[in-house]
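Values below: every heavy atom of this structure, side chains too, minus hydrogens, waters and symmetry copies. Protein chains get the first letters and strands the later ones, always in sequence-line order, with residue 1 at the start of each.
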Number of protein chains: 2
Amino acid sequence: MKKTTMKDIAKAANVSVATVSYVLNNVSNQTIPDDTKCRIIETANKLNYIPDLAARSLVKQKTGLIGILVNRTENEGFWRRHSNLELIDQLENYFTNKGYHVVLSSLDATNPNINIIAERKLDGVFLIDVKNEQFHRISNQFKAGVPLIVIDSFIDDPLFYKVVYDYEDAITKAVKIHSQDCHFVIEAFNNQETIEKIKVFSGVADNSIHVMEHEQGLVRFLNQHPNKSVIVINELIGAIVSKYVNPSQLVVICTANCPAILPVQTTRIDFGELKSSAAFHLMMQLLSGQRDIPHDKYIRVKAE
Amino acid sequence: MKKTTMKDIAKAANVSVATVSYVLNNVSNQTIPDDTKCRIIETANKLNYIPDLAARSLVKQKTGLIGILVNRTENEGFWRRHSNLELIDQLENYFTNKGYHVVLSSLDATNPNINIIAERKLDGVFLIDVKNEQFHRISNQFKAGVPLIVIDSFIDDPLFYKVVYDYEDAITKAVKIHSQDCHFVIEAFNNQETIEKIKVFSGVADNSIHVMEHEQGLVRFLNQHPNKSVIVINELIGAIVSKYVNPSQLVVICTANCPAILPVQTTRIDFGELKSSAAFHLMMQLLSGQRDIPHDKYIRVKAE
DNA sequence: GTGAAAGCGCTAACAA
DNA sequence: TTGTTAGCGCTTTCAC
């Protein structure tokens, strides 16, 4: 039971492969009588023809593949994983709906290998949570032309678009809720600059901010500052914090698309799907080569 | 700045493309002197050569692509999404480490289109949470030869391997913990047979089992049966249940790889990464055409 | 209206 | 030891 190719159809329908191609792709500048057209389409269906996209890409120089490349480190907490995975899931949905296929690949954050972009001739690429120092190497190695959007990373390169949460805005809103001074628990991004930014925006001393690595470390931090209100980024971390902190003392900036995991008394500031949506629309613009693309290379997504 | 091809290397190194191919692929039955070898490798590096995997697949008839196809319905809860995404993430890691590339695609559960398998010539396919009635159509449309593993689905077709949790075992363990009679909260799988199996294994009446659709429905169910101990499948649902039920009255069968989300007093039965691991190893066996593959088409994964 | 043929980048059998 | 060449399945120009 071999795969049927255009050649098979051509033979069966008594036409040339060229004609088959014309019909099956609805080529506009060719005028083909309805009966040949029908005959070809019928035999194609009968033979269960499905085009080989790799062969097509080879000549078209477009693969219809979108890459999502995620930097990962050993022993990531599930909170990190899940917020990344939510993003991936949303992006995948958008692109699948547009007829693209999505290639997912994790990168070693300390030694990312982005050959996949060239090997698979990806039409567009998302790069998630890159270390600034690694990005230098990446952008060097990177032959321009392929639309590349960097997510969750503050990097020095002015060449590429960067989609990030507007943490400044979110934190400002969060701080307003409890007028007293707060403590912060945030995610351990690979992109150190993101952490630094958040620290600056928080406006509190370094020892009032905990970068979440594991539950024990968190508990130690919370014990050092009892009875304080806490602002948490990522509701999965929030859920863990709520085991140890009075939920009503908690404000959570939701980045993992599951605010319902939190206790009812906890205040939420929700980003929902805004980041993936922004990244998707930007990518579609880049793919279509539009020229009305944003001037600012940083797209800052505001909470709802 | 065009992509370099083997032709470019051949020209630059004064050899034929064949020789370049031999050297770059370490073809064993060809004996090439070290200096030509070096010359070729050097120019390849200098020109920043990266092979085009699509072109290679075309002739090799192997793409190095693994498909993960996930059935999805509108408005899935995040608990469903996240347990699927954990699985996907783990599979992706395994295969990326083996040098495969992973294509992720969501399917409309009520009308799954699996053309992607043929279009992209996937070397192997995982199909997650399929409806039994849809599988008929899928397997018809499916030209044999491609290793296909079905996950989280009880389906009638004896042809394909099916990796599922051993819910019977897990539930037996869970029930033992609270000797009193329990109530159950379980996930709303697309595969109705999975739900039915779980109901049978639970050994309780239908109205003691709640299939989680949304939080309000859950709350209604829990209010109908106050002060009972509850067995939950999926720790993210467990975390939601723990808002309304005394955590020590709770036993959670963990399928989403984040048991730490649960209150400390809650009992856990954890599947960890055993499902993805089993699925991965099975796929590797199928890919290598080994003949010592399991006889039983159902792989039942037991909790740790 | 239709088809022959070149070629996308690569591999592998066969010559030389 | 190296090169020539025929494809893999498809698109597309150009001739008929």
Query raised in the report: Mind checking what makes salt bridge (charged side-chain N to carboxylate O under 4.0 Å, His left out) contact with Lys131(A), not counting sequence neighbours?
Result: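 Residues passing salt bridge (charged side-chain N to carboxylate O under 4.0 Å, His left out) with Lys131(A): none at all.
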
Query raised in the report: Using a cut-off of less than 4.0 Å, is there contact between a side-chain N or O of Thr36(B) and OP1 or OP2 of dT1(D)?
Result: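 Looking at the OP1 and OP2 atoms of dT1(D), neither is under 4.0 Å from any side-chain N or O of Thr36(B).
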
Query raised in the report: How is Val15(B) classified with respect to the nucleic acid when contacts are heavy atoms under 4.0 Å: base, sugar-phosphate, or nothing?
Result: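 Sugar-phosphate: the residue Val15(B), judged by heavy atoms under 4.0 Å, touches backbone atoms but no base.
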
Query raised in the report: When we call it a touch if two heavy atoms are under 4.0 Å apart, what does Ser57(B) touch: a base, just sugar-phosphate, or nothing?
Result: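 Here Ser57(B) touches no strand at all.
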
Requested in this report: Could you tell me from which nucleotide to which nucleotide of DNA chain C, 5' to 3', there is an atom under 4.0 Å from chain A heavy atoms?
Outcome: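 For DNA chain C, the relevant span reads dG1(C) to dG9(C).
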
With sequence neighbours excluded, residues passing ring-ring contact (aromatic ring centres under 6.0 Å, His included) with [X]:
X         : result
Tyr94(A)  : Phe280(A)
Phe160(A) : Phe135(A), Phe142(A)
Tyr100(A) : Phe95(A)
Tyr161(A) : none

Query raised in the report: Listed by chain and number, what are the side chain to side chain donor-acceptor pair (under 3.5 Å) partners of Lys121(A), not counting sequence neighbours?
Result: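 For Lys121(A), the residues satisfying side chain to side chain donor-acceptor pair (under 3.5 Å) (neighbours in sequence not counted) are Asp52(B).
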
**Report entry** Pairing residues for Ser288(A) by the side chain to side chain donor-acceptor pair (under 3.5 Å) criterion, not counting sequence neighbours
**Finding:**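 Once residues adjacent in sequence are excluded, the partners of Ser288(A) under the side chain to side chain donor-acceptor pair (under 3.5 Å) criterion are Gln290(A).
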
Query - Bend angle of the helix from dG1(C)-dC16(D) to dA16(C)-dT1(D), from helix axes over five pairs at each end, nearest 10° - result: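 The end axes of the helix from dG1(C)-dC16(D) to dA16(C)-dT1(D) are about 50° apart, to the nearest 10°.
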
**Report entry** Interface residues of residues 5-12 of chain A with DNA chain D (non-hydrogen, below 4.0 angstrom)
**Finding:**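 Here the set is Thr5(A), Met6(A), Lys7(A).
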
Length of the line joining [X]:[atom1] and [N]:[atom2], which is rounded to integer Å:
X        : N       : atom1 : atom2 : result
Lys62(A) : dT12(D) : NZ    : C1'   : 17 Å
Gln61(A) : dT12(D) : CD    : P     : 11 Å
Asn26(A) : dC10(D) : CG    : C1'   : 17 Å

Report task. Look only at the side chain of Asp129(A) and the backbone of Asn191(A), and say whether a donor-acceptor pair between them is shorter than 3.5 Å. Result ->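 Side chain of Asp129(A) to backbone of Asn191(A): a pair is present.
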
Report task. Check whether the side chain of Tyr22(A) and the base of dT13(D) form a donor-acceptor pair under 3.5 Å. Result ->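 Such a pair exists between side chain and base.
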
Query - Side chain of Ala55(A) - closest among dG3(D), dT12(D), dG9(D) - result: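 The listed nucleotide nearest to Ala55(A)'s side chain is dG9(D).
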
Query raised in the report: Nearest of dC8(D), dT4(D), dT12(D) to any side-chain atom of Leu58(B)?
Result: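 For the Leu58(B) side chain, the nearest candidate turns out to be dC8(D).
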
Under 3.5 Å, sequence neighbours excluded: what are the donor-acceptor pairs made by side chains of residues 37-44 of chain A?
{"unit_1": "Arg39(A)", "atom_1": "NH1", "unit_2": "Ala13(A)", "atom_2": "O", "d": "2.3"}
{"unit_1": "Thr43(A)", "atom_1": "OG1", "unit_2": "Arg39(A)", "atom_2": "O", "d": "2.9"}
{"unit_1": "Thr43(A)", "atom_1": "OG1", "unit_2": "Ile40(A)", "atom_2": "O", "d": "2.9"}

Report task. With sequence neighbours excluded, give me every salt bridge (Lys or Arg N to Asp or Glu O under 4.0 Å) pair touching residues 86-115 of chain B. Result ->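 For residues 86-115 of chain B, and leaving out neighbouring residues, the salt bridge (Lys or Arg N to Asp or Glu O under 4.0 Å) pairs sorted by first residue read Arg72(A)-Asp89(B), Arg81(A)-Glu86(B).
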
Query - Whichever of Val59(B) and Ala18(B) has its nearest DNA chain D nucleotide further upstream toward 5' - result: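 Final value for this comparison: Ala18(B).
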
